[in-house]
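Labels below follow one simple rule: chain letters A, B, ... track the order of the sequence lines, proteins then strands, and each chain is numbered from 1. On a predicted model such as this, the values are computed, not experimentally measured, just so you know. Below, each value reflects all heavy atoms present in this structure, side chains not excepted, and no hydrogens, waters or symmetry copies.
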Amino acid sequence: MLLTIILSILALSGLGIILGLAIGFVSKFFGVATDPKVDLVLELLPGVNCGGCSRPGCADFARALVAGEASPEQCPVSSQEAVTQIAQLLGMTVGDLEKKVAVVLCGGDIHQTKVKTLYNGVNDCISAMQIAGGPKSCAYGCLGMSSCARACPFGAIEMINGLAVVHNELCVGCGVCVDTCPRDLIKLVPAEAKVHIYCSSPEKAAVKMKVCNVPCIACRKCVKSGEEGQFEIKGFRVEVNYDNFPGEDIVEKSGCPKNCLLTTAQHLEIERNADKEENAV
Amino acid sequence: MNKDLKIVSFKGGVHPPKDGKILSKKNAIQTAPLLERYQVIVSQNIGAPPAPVVKAGDEVKKGQLIAEAAGFVSVPLHAPTSGKIEGLIDIPGPMGVPAQAIAILADGKDEWAELAPPIDWRGADAETLKKRILECGIVGMGGAAFPSHVKLSPPPDKKIDYMIINGAECEPYLTADHRVMLEEPEKVLAGAAILGRAAGVKNVVIAVEINKVDAINAMMEKAAEFGVGIVGMKVQYPQGAEKQLIYAVTRRKVPTGALPADVGCIVQNAGTAAAVADAVRSGIPLIERVTTITGEPVVTPGNWRLRLGTPISAALTFCGGVKYEPSKLILGGPMMGFAQRSIEVTVMKNTSGILLLKKSEITQYESNPCIRCGRCIKACPMNLQPTVLSQLTEAGKFEETLKYNVMDCIECGACAFTCPAQIPLVQHIRRAKAEIRNRSKKR
Amino acid sequence: MSEQTTSRIMLPKGEELVLSPSPHIHDNETIQSIMLKVVLAMLPAIAAAIWFFGTNALLVIVWCVTFCLLLEVFWCQMAGKPVSVIKDGSALVTGLLLALNLPPVTPWWICLLGAMLGIWLGKQVFGGLGQNPFNPVAVARVGLMIALPRQLTYWTPSNNMTPDLSGYSNTFFTVPDFAKLSQTGEIFDGLTCATPLSIMQTTPKILDSSAEAANNFAAIANPEAYWQYFTGNMGGCLGETSALAIILGGIILLMFKLIRWQVPVFYLGTVAVFTGLVHMTWPGVTPAPLFHLLTGGLMLAAFFMATDMVTSPITPRGAAIFAIGLGIMTCVIRIWGGFPEGVSFSILMMNALVPLIDRMAKLKPFGFKKTPVAKGV
Amino acid sequence: MTQEAMLNMLELTVGAMLVYNFVLARFLGICPFLGVSRKLDTALGMSAAVIVVMTLSSAITAVIYNLALKKTFLIDGKEINLGFLQVLIYIAVIAALVQMVEVLLQKFSPPLYKALGIFLPLITTNCAVLGAVMLNSVNDRGILESTIFSFFSALGFGLALVLFSSLRERLELATVPRPFQGMAIALITAGILAMAFVGFSGLC
């Protein structure tokens with residue numbers, strides 16, 4: 001019995017030593033060094049592979065970071081904290097980041113903007129655009145076929161009443177939706193800017209009013225009641241100047257006659273209520 | 001049927017059982033009365049839109065230049081009648097987005113401007129002919145509106161030995177080319193011969209589907225006089241698609257991503273040939289075209305010679321209006337034409353048909369699952385796998401669609417026509433193509 | 001044009017205009033019409049089954065169809081899908097095919113189990129029609145075969161087969177000893193018979209080329225027997241009996257262009273060639289090809305099961321590869337395997353290969369060249 | 001070759017690959033079967049890695065088994081058989097082997113390392129590899145026989161994996177009901193696949 005035990009111990013330790021030596025030998029003479037930093041950086045990245053950094057995925061971005069081909073703040077999703085950590089890890093310095101969120105600059109839901117024709121085809125904005133510009137009577141409004149909502153890797157876009165609405169608390173500002181929208185309605189704006197003019201149509205007020213209840217008719221009430229430079233007049237519409245945006249009180253002060261100058265919260269509220277009304281009916 | 005007629009075809013495709021041509025094929029071409037106002041859309045050709053050279057208040061004569069070519073792939077535009085320019089306005093465009101148009105208030109005199117002198121085409125050299133074709137603003141009138149002079153000027157390293165005049169008119173319902181070939185065979189033949197001469201090609205062939213026997217016979221009589229051959233083609237859609245037509249006539253296959261010129265062919269539409277004959281022999285620019293106005297809801301379907309800028313509402317008035325509310329308004333044929341949302345769209349150089357369909361005729365696209373029956377594959381004249389392409393597109397796998405040669409799709413619609421699940425295959429494929437083009441642009 | 005006529009002309013108001021992608025017309029063939037045509041093609045086989053097996057067969061068909069339809073509706077209710085999906089007719093086809101794959105005397109609960117396996121496990125868990133990688137009927141048949149081998153091989157003779165111990169029927173019966181039965185008091189409540197394939201299975205194989213080997217299968221493989229197999233006068237599943245009826249149905253399918261002709265042609269061809277080669281080398285191992293073609297579920301599978309659009313390759317070349325694979329697997333299982341019949345197994349196995357085959361047999365587009373010519377002009 | 005040897009050979013090849021398929025009949029190596037079958041490419045990589053590791057480790061452990069573990073040694077007049085140590089020894093040998101193969105691959109064939117690299121550590125503790133090795137010992141196979149058996153077993157594993165991954169790629173386009181999405185439908189598919197493989201039973 002004892003002999004068996006001793007033999008087993010001997011055999012196994014012998015095997016262990018031989019294998020250990022063999023592995024050691026192999027790694028010593030044939031080993032290839034890899035950079036462990038890549039894995040460390042990858043752990044700090046969000047790992048959702050949204051492509052906001054214009055690279056195919058987080059792993060690729062991490063490799064580029066370690067190779068010095070990219071800088072951490074190019075990841076629009078990472079928090080300031082994470083970016084700083086990555087920068088420290090790589091021995092870089094980064095400037096202050098401004099958090100951005102997306103906003104859909106259209107207020108024309110199915111109640112406000114007429115849907116002119118029946119549409120029969122793929123439920124996708126880009127596809128619908130290819131057929132006579134889609135069914136909505138406003139040629140510049142939200143088509144409401146949720147292409148952006150499907151594209152959003154964070155589920156931050158909700159379709160309410162056939163209108164895309166961004167939830168600020170979920171949006172990280174990666175910008176995927178901006179590229180998706182065939183009507184270029186989505187903009188990345190500073191998260192601090194809470195007031196928007198929900199209209200993107202460059203058409204004349206008369207044309208807009210024919211098809212929509214809530215267009216920006218460029219009456220300039222907001223421009224007059226706000227400070228200099230807070231708004232920009234672009235042809236037949238007004239846009240918030242996001243480098244110098246007004247505070248939330250501007251909504252009260254200006255009294256937009258068409259109700260298209262709203263805070264993000266008000267906008268969401270309106271759409272929610274309209275939805276409820278519809279359900280109640 | 002003429003015994004000497006060679007009958008050719010391609011592989012695949014579909015045969016619409018009820019092609020609707022009966023509605024209008026017996027009706028002779030009628031000339032539309034003069035309207036009070038025309039709205040000529042500026043961008044009527046593929047490539048750069050021409051630049052308007054008139055302004056509000058100008059007096060123009062019929063056939064006078066109103067917009068000049070801007071670049072090589074661009075053609076000029078001419079006034080459809082004499083009158084006063086009202087100005088540049090935005091009107092509903094055929095693609096749903098507003099389009100810029102020149103509005104002309106007719107003065108009722110319909111006076112011709114001084115036209116370019118006739119050319120004796122039999123003696124003229126190729127350059128002169130091409131220049132005249134450009135000056136008269138001639139584009140492919142079959143649908144694509146590709147400037148004809150560009151097609152006639154292939155790169156010098158490509159040897160062209162075939163000029164094919166496309167008289168297939170394989171789209172159901174349309175009979176415009178049929179009537180032109182039947183009523184003006186001499187003009188089509190002359191135009192074909194001129195096009196052949198302009199391209200320096202001896203072999204000029206007019207290819208016609210054999211459901212237009214009368215037109216074939218009419219042209220056969222004089223074909224020898226112009227040195228033009230005539231080939232019959234099986235009635236099969238899309239017989240008139242460029243690559244399929246070339247294969248049917250010459251047995252040559254246009255390679256992936258290549259142009260007809262790469263296999264030594266140039267294809268021009270029969271209507272274009274007639275317009276070319278007018279342009280060269282009488283100096284008349286392209287200001288009107290024969291369009292089929294048809295469909296069950298139309299009171300008297302027919303073929304009309306319409307001036308550019310005629311609103312569809314006016315065109316329908318010529319036909320006595322509609323019997324009942326149609327469910328669809330299409331510019332072009334039912335297979336490849338574009339659904340419209342407004343009857344205020346105006347006739348353009350490539351408007352081969354104005355088609356109204358009733359509810360029971362139109363495809364009801366649904367989100368049924370694909371049952372992999374393979375009918376789309378059998379129907380595809382390009383030998384693609386439409387169902388695979390649409391599934392990949394739906395899943396957002398655009399890179400994968402490239403492996404299935406999505407860019408080879410000619411969007412003929414044969415697949416969706418025959419799909420028992422009523423999947424909008426063509427729309428999916430168009431989406432994938434647009435996405436891929438976008439991505440390669442970004443790179 | 002005078003004022004009066006103009007006023008009478010009606011122009012479209014444009015309120016009902018539909019925007020949709022081209023093409024704007026359709027050939028009016030729908031999933032439903034395709035499925036109904038398939039049902040039409042199955043009618044000869046169903047008629048033959050009822051002719052040979054009487055009300056038993058009718059009962060099995062009714063059970064299977066009812067259960068399949070009910071289970072489909074039930075699932076759609078549960079899954080929140082529109083129940084109108086039932087109208088596409090696919091559950092009807094599955095039900096009928098399932099019935100054709102069951103023995104004539106099948107109790108209702110086996111029909112129910114089969115329908116559950118086919119409709120739920122075979123189709124709906126994958127997302128319903130068009131999404132299932134495996135043939136639902138093959139899933140049901142194989143599942144039942146593994147779970148209930150005894151019930152699934154309970155063969156009753158067809159109406160024209162009588163156990164008179166003379167001629168053709170002689171081969172397939174082991175007639176009970178009535179005297180002994182009455183002594184033991186056992187109740188005699190039905191006759192069972194063997195199928196040609198099960199006899200082939202139990203016949204010991206002879207691996208040389210002696211005369212004995214050549215006559216090894218003489219009892220089940222002779223011209224008279226072949227004729228009986230062809231018309232359907234033998235034991236077996238409802239749809240396995242009459243080759244004639246199934247070929248009729250196959251012709252209907254081919255006429256309507258509902259199946260890819262490559263599947264039956266290459267499937268039957270491969271079986272014929274494969275068994276032919278084996279038969280020529282070792283006549284004592286397997287009977288002549290004709291035997292294999294006419295017996296068992298081969299015909300049914302070749303025309304109705306393997307041709308199932310959803311689970312077979314989508315390109316013609318793929319269909320040919322698929323069918324050849326089916327043929328080889330069927331023969332291997334029949335000749336050397338542990339089961340007398342291999343068609344359902346081989347269909348399941350080849351179903352698993354379909355995505356790979358589809359990948360392999362991708363079509364080359366018109367005018368395809370290895371190095372695409374760069375765009376000119 | 002005698003008939004018996006032929007039958008034996010058949011069992012070692014076709015039997016190992018199809019009839020007693022590691023995944024679908026023996027239900028070994030289910031973890032990588034489900035884990036790396038999302039994409040056909042990775043499945044191919046995994047299959048290749050398993051084939052290499054299984055064959056190599058079987059060959060080496062077969063040597064150990066046939067030369068040492070199988071034998072009974074007479075030491076001090078006592079009969080000693082170390083067979084009871086086989087599991088421990090095999091695990092150690094396989095683990096070390098995989099480590100070495102990985103390092104060597106990285107050095108000498110970076111592209112192959114890139115393809116197989118991530119899978120190699122996964123296989124170290126894979127029951128399919130240990131299973132193959134143990135089956136060889138249990139059936140008392142010689143070195144050549146063991147190697148052939150393992151190679152074909154691994155081939156069978158690869159076959160199942162490739163089949164399964166192509167099916168899963170297709171399922172990705174399917175509209176699977178939510179409760180069945182992901183692993184559930186994968187397991188159902190694997191079950192039906194296993195049902196199909198029952199058809200091979202009785203072949204040898």
**Item:** chain C contact via K11(B) - side chain, backbone, both or neither, heavy atoms under 4.5 Å
**Value:** neither
**Asked** Passes side chain to side chain contact (heavy atoms under 4.5 Å, CB included), R372(B) versus D358(C)? Steps please.
**Response** CA-CA 11 Å; R372(B) 293 166 52 89; D358(C) 267 345; 2.9 Å; yes
**Message:** Below 4.5 Å, heavy-atom pairs only: which of P420(B), G321(B), G332(B) has the largest tally toward chain C?
**Reply:** P420(B)
**Asked** Rounded to the nearest 0.5 Å, how far apart are CD1 of I312(B) and CG of L11(C)?
**Response** 11.5 Å
**Item:** Part of L129(C) within contact of chain B (heavy atom distance under 4.5 Å)
**Value:** both
**Item:** Working for side chain to side chain contact (heavy atoms under 4.5 Å, CB included), residues Q385(B) and I314(C)
**Value:** CA-CA 9 Å; Q385(B) 290 164 248; I314(C) 201 160; 3.8 Å; yes
**Asked** Got a second to check how far N405(B)'s CG is from K364(C)'s NZ, nearest 0.5 Å?
**Response** 10.0 Å
**Fill in**
So, the part of Q131(C) with a heavy atom under 4.5 Å from chain B: the answer is side chain
**Request:** Taking atom CD of E366(B) as the centre, report whether more than 12 heavy atoms of other residues, nucleotides or ligands fall under 6.0 Å from it.
**Result:** yes
**Item:** Which atoms of I377(B) approach chain C - backbone, side chain, both or neither, heavy atom under 4.5 Å
**Value:** side chain
**Message:** Are the side chains of K328(B) and S20(C) in contact, using a 4.5 Å heavy-atom criterion?
**Reply:** yes
**Prompt:** Considering only heavy atoms from C-beta outward, does the side chain of V426(B) approach that of P23(C) to under 4.5 Å?
**Reply:** yes
**Leading residue by heavy atom contact count with chain C [cutoff under 4.5 Å; candidates K18(B), M336(B), M382(B)]** = M382(B)
**Charged N-O contact under 4.0 Å between R375(B) and D27(C)** = yes
**Request:** State which residue, out of V299(B), V322(B), L316(B), fulfils the side-chain contact (heavy atoms from CB on, under 4.5 Å) condition with M10(C).
**Result:** V322(B)
**Asked** Given a strict heavy-atom distance threshold of 4.5 Å, which part of S312(C) is in contact with chain B: side chain, backbone, both, or neither?
**Response** backbone
**Asked** Hey, does F417(B) have a side-chain heavy atom less than 4.5 Å from the side chain of I25(C)?
**Response** yes
**Message:** Just so I understand: if I count every heavy-atom pair under 4.5 Å between each of G12(B), P369(B), P16(B) and chain C, which residue has the most?
**Reply:** P369(B)
**Message:** Quick check for you: to the nearest 0.5 Å, what is the distance between H24(C) atom NE2 and I330(B) atom CD1?
**Reply:** 4.0 Å
**Request:** For P21(C) and Q427(B), work out which heavy atoms get closest and say how close.
**Result:** CG-OE1, 3.4 Å
**Fill in**
One option among D88(C), T30(C), T315(C) has the most heavy-atom pairs under 4.5 Å with chain B, and it is T30(C)
**Request:** Answer with side chain, backbone, both or neither: which region of C370(B) has an atom nearer than 4.5 Å to a non-hydrogen atom of chain C?
**Result:** backbone
**Request:** Could you tell me whether the side chain of Q244(B) reaches within less than 4.5 Å of the side chain of F366(C), counting heavy atoms only?
**Result:** yes
**Request:** Heavy-atom pairs under 4.5 Å with chain C are the metric here; pick the option from P424(B), C409(B), C380(B), S313(B) that has the most.
**Result:** S313(B)
**Message:** Tell me which of these, S342(B), A414(B), G413(B), has more heavy-atom pairs under 4.5 Å with chain C than the rest.
**Reply:** G413(B)
**Asked** In Å and rounded to the nearest 0.5 Å, what is the CD1 to CD1 distance from I371(B) to I31(C)?
**Response** 5.0 Å
**Asked** Under a 4.5 Å heavy-atom cut-off, does chain C meet the side chain of K359(B), its backbone, both or neither?
**Response** neither
**Asked** About how many Å separate SG of C373(B) and CD of E29(C), when rounded to the nearest 0.5 Å?
**Response** 8.5 Å
**Prompt:** Do S22(C) and F338(B) have side-chain heavy atoms sitting under 4.5 Å apart?
**Reply:** no
**Worked check of side chain to side chain contact (heavy atoms under 4.5 Å, CB included) between L384(B) and L363(C)** = CA-CA 6 Å; L384(B) 301 176; L363(C) 291 176; over 6 Å; no
**Option in L19(C), I259(C), N28(C) with maximal non-hydrogen atom pairs under 4.5 Å from chain B** = L19(C)
**Prompt:** Based on non-hydrogen pairs under 4.5 Å, which of G130(C), S90(C), P316(C) is most in contact with chain B?
**Reply:** G130(C)
**Request:** Side-chain contact test, heavy atoms from C-beta onward, threshold under 4.5 Å: evaluate it for H26(C) versus Q364(B) and give yes or no.
**Result:** no
